[in-house]
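From a predicted model like this one, the values you see are computed outputs, not experimental measurements. Reckoned from all heavy atoms, side chains included, excluding hydrogens, waters and symmetry mates.
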Amino acid sequence: MVADHRRVGAALWDRFTAKRDETLWNYRALVTAFRVNPAHPADLVDELDRTVIELERLAATETGA
């Protein structure tokens, strides 16, 4: 998704039925849920977290936020 956003910009969000902020919220909620469950490898959760942070950063640049 990060690579696609860099290629197509805000048009990435058109692929989802939810709005951009809802999609980002869902991914952030997944990170939170995975983080509290020790069955999920921490390194994978950390990688997902870094990816979501980057998506949030890219989304913020769309609106100048």
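- Considering only heavy atoms from C-beta on, Leu12 stays 4.5 Å or farther from Arg20 through its side chain.
- Contact between Leu24 and Ala59 at its shortest, heavy atoms only, is CD1-CB, 3.6 Å.
- With a 4.5 Å cut-off on side-chain heavy atoms, Tyr27 and Thr23 count as touching.
- Partners of Glu22 under the salt bridge (Lys or Arg N to Asp or Glu O under 4.0 Å) rule, at least two apart in sequence or in another chain, do not exist in this structure.
- Follow the hydrophobic side-chain contacts under 4.5 Å out from Val8 and you reach Phe16 in the same cluster.
- Residues satisfying the salt bridge (Lys or Arg N to Asp or Glu O under 4.0 Å) test with Arg50, not counting sequence neighbours, are Glu47.
- In terms of hydrophobic clustering, with Ile, Leu, Val, Met, Phe, Trp and Tyr side chains grouped at heavy-atom distances under 4.5 Å, Trp25 and Val2 are assigned to different clusters.
- Applying the side-chain hydrogen bond (donor to acceptor under 3.5 Å, both in side chains) test to every pair with at least one member in residues 36-46, sequence neighbours left out, gives these pairs: Arg35-Asp46.
- Glu62 places a side-chain heavy atom less than 4.5 Å from the side chain of Trp13.
- Listed here is the closest heavy atom pair of Leu58 and Thr61: O-OG1, 2.6 Å.
- Residues meeting the side chain to side chain donor-acceptor pair (under 3.5 Å) test with Arg57, sequence neighbours left out: Glu54.
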_The test is side-chain contact (heavy atoms from CB on, under 4.5 Å); show your working for Leu48 and Leu44 and say whether it passes._
CA-CA 6 Å; Leu48 177 60; Leu44 293 179; over 6 Å; no
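- The shortest side-chain heavy-atom distance between Leu55 and Met1 falls under the 4.5 Å cut-off.
- Among residues at least two apart or in separate chains, salt bridge (charged side-chain N to carboxylate O under 4.0 Å, His left out) pairs with a member in residues 9-19 are Asp4-Arg15.
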